[in-house]
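Read through the structure below, which is laid out as structure tokens, and then see the notes.
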Amino acid sequence: MRLFSTILLLLAALCAAQEEAPWIKAIDLRSLTPEEADEHRPARFRGTFIYQDNNNAVFLQDETAGALFWHKGETGFQPGDIVEVTGTTRSGLYVPGLEKVTFKVVGHGPMPEAIDASYDDLLSGRYHYQWVTVEGIVRSTRIDASDRTTIRLAMGARIVEIQLSDYAGDFLIDHKIRVTGLSAGGINDRYQLIQPYVWPRSAADIEVITEPPAMEELPTVSAGNLLTFRPTARTGHRVKMSGTVLGSFPDGRVFIRDGKSAVSVKLSQPESISPGLRIELLGFPEMESFSASLVD
């Protein structure tokens, strides 16, 4: 009987503590320093559910910014659910969040309007864990051992990775697309954002803006004219090139000669190609340290 009474007292104290937790906005939570967040301050937060990843992180967004809390297992949330969360603060890999949470759905509304983001916006972290829209040209795709697809999207001269679980194939290569999803990224052991990426919920969050011409209609560019001025060039898109193989290497580099000029090529997948063969390639022009090359 005494044990039962003790448990009731502890539960009552926990409920009282949760009721006393102050309401905060997402910008307040993400503005905490790691030292402040690790003081495990009680807090309550209300936001719209936008995403849940496979690492037990749940992402909400209010009118000020995005925030996350940690919870093992499915929540059952639907995009647009308005969720109230009570917990304690904790530093994260990059942005502080809430742990030891209780939560409930208190309503449903529209998803937050996606923010048009540039590559520099993503890399700065200003929209980290918020709902964004990006545009670019698909350079390559790959599927990992867990069947997760990564699309490498060229936003100008920089590459951002689009990661999702329900897309397969390479039919989007050289398409200009618009992607809506969660702004996130790879973090190093110094808590620095080193590689931004975007998580759409599904392939339905990808919109094709323009399609490329058929492969047989792509312009053929000589090695000597790669990345030289051409008023009709399709900037950022792939071109066709042919040449004689001078050598190939295990890291995917191939060197070809076309007339009087030679050029370096980086294949998407390494392949051994015998010197002397005449080959045709499709790829994206890119300036390296001292000359243009063909990549992807």
Side-chain angles (χ1 to χ4, degrees), residues 51 53 59 65-66 93-95 114-144 148-164 167 170-201 203 205-212 218 221 226-230 233-239 241 251-253 263-270 281-296:
Y51 196 88
D53 73 8
F59 302 92
L93 288 176
Y94 189 60
V95 175
I115 301 166
D116 290 331
S118 67
Y119 183 89
D120 287 342
D121 289 330
L122 301 180
L123 189 62
S124 72
R126 63 183 298 191
Y127 298 135
H128 209 70
Y129 298 155
Q130 296 187 69
W131 207 238
V132 300
T133 295
V134 297
E135 292 184 6
I137 298 169
V138 178
R139 291 279 290 265
S140 66
T141 65
R142 68 175 185 271
I143 302 174
D144 63 22
R148 190 171 183 83
T149 297
T150 297
I151 299 172
R152 295 177 65 251
L153 186 72
M155 299 179 65
R158 308 297 293 273
I159 302 291
V160 65
E161 293 189 346
I162 310 298
Q163 300 184 359
L164 69 165
Y167 166 87
D170 58 5
F171 58 87
L172 282 180
I173 290 177
D174 205 23
H175 288 63
K176 185 174 183 179
I177 64 173
R178 180 180 294 115
V179 181
T180 302
L182 182 78
S183 174
I187 311 298
N188 66 12
D189 57 5
R190 296 185 178 185
Y191 310 106
Q192 297 163 333
L193 177 61
I194 56 174
Q195 172 62 58
Y197 47 73
V198 175
W199 280 336
R201 283 193 307 269
D205 291 320
I206 298 175
E207 175 190 355
V208 173
I209 300 174
T210 56
E211 297 183 2
L218 287 173
V221 178
L226 194 62
L227 282 186
T228 58
F229 175 71
R230 289 181 295 133
R234 299 169 60 247
T235 304
H237 290 274
R238 64 183 174 179
V239 298
M241 178 179 287
D251 63 357
R253 287 181 304 144
V263 68
S264 168
V265 174
K266 184 64 181 293
L267 302 178
S268 295
Q269 297 293 329
L281 304 119
L282 299 175
F284 295 86
E286 186 171 276
M287 182 57 68
E288 293 192 335
S289 56
F290 65 93
S291 66
S293 66
L294 202 67
V295 300
D296 289 316

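Small disclaimer: the values here were computed from a predicted structure and weren't measured. Side-chain atoms are counted along with the backbone in the values below, which use heavy atoms only and exclude waters and symmetry mates.
Taking the side chain as every heavy atom from C-beta outward, V239 and L294 approach each other to under 4.5 Å. Side-chain contact between I187 and I194: absent, with no pair of heavy atoms (C-beta onward) separated by less than 4.5 Å. Side-chain contact between I206 and L164 is present, with heavy atoms from C-beta onward closer than 4.5 Å. The shortest side-chain heavy-atom distance between L281 and L267 falls under the 4.5 Å cut-off.
Remark: L282 CG to D296 CG distance equals 12.0 Å, nearest 0.5 Å. Atom CD1 of I151 and atom CD1 of I177 lie 5.0 Å apart (nearest 0.5 Å). Note that CZ of F59 is 11.0 Å distant from CH2 of W131, once rounded to the nearest 0.5 Å. The CE atom of M155 sits 9.0 Å away from the OH atom of Y119 when rounded to the nearest 0.5 Å. In this structure, CD in Q195 is found 9.0 Å from CD1 in I159, a value given to the nearest 0.5 Å. Rounded to the nearest 0.5 Å, atoms CD (E161) and CZ (R139) are 12.5 Å apart.
No side-chain donor from either of S124 and D121 sits under 3.5 Å from a side-chain acceptor of the other.
Using the six-membered ring where Trp is involved, Y94 and H128 have ring planes that are perpendicular, over 60° apart on the 30 and 60° scheme.
With D174 contributing its side chain and R238 its backbone, the two residues share a donor-acceptor pair below 3.5 Å. For the pair Y197 (side chain) and G185 (backbone), a donor-acceptor distance under 3.5 Å is present.
A pairwise comparison of heavy atoms in A117 and V134 identifies O-CG1, 3.7 Å as the closest pair. The nearest pair of heavy atoms linking L93 to Y191 is O-CD2, 3.2 Å. Smallest separation of non-hydrogen atoms from Q163 and T150: CG-OG1, 3.9 Å. What you find for A114 and T133 is that their closest heavy atoms are CB-OG1, 3.1 Å. Across D251 and K266, no two heavy atoms sit closer than the pair O-CE, 2.9 Å. Across all their heavy atoms, P200 and Y51 have their closest contact at O-CE1, 3.8 Å.
With sequence neighbours left out, R178 forms a side chain to side chain donor-acceptor pair (under 3.5 Å) with E135, E207.
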Using side-chain contact (heavy atoms from CB on, under 4.5 Å), reason through V198 and L122 one step at a time and then give a plain yes or no.
CA-CA 9 Å; V198 175; L122 301 180; 4.2 Å; yes
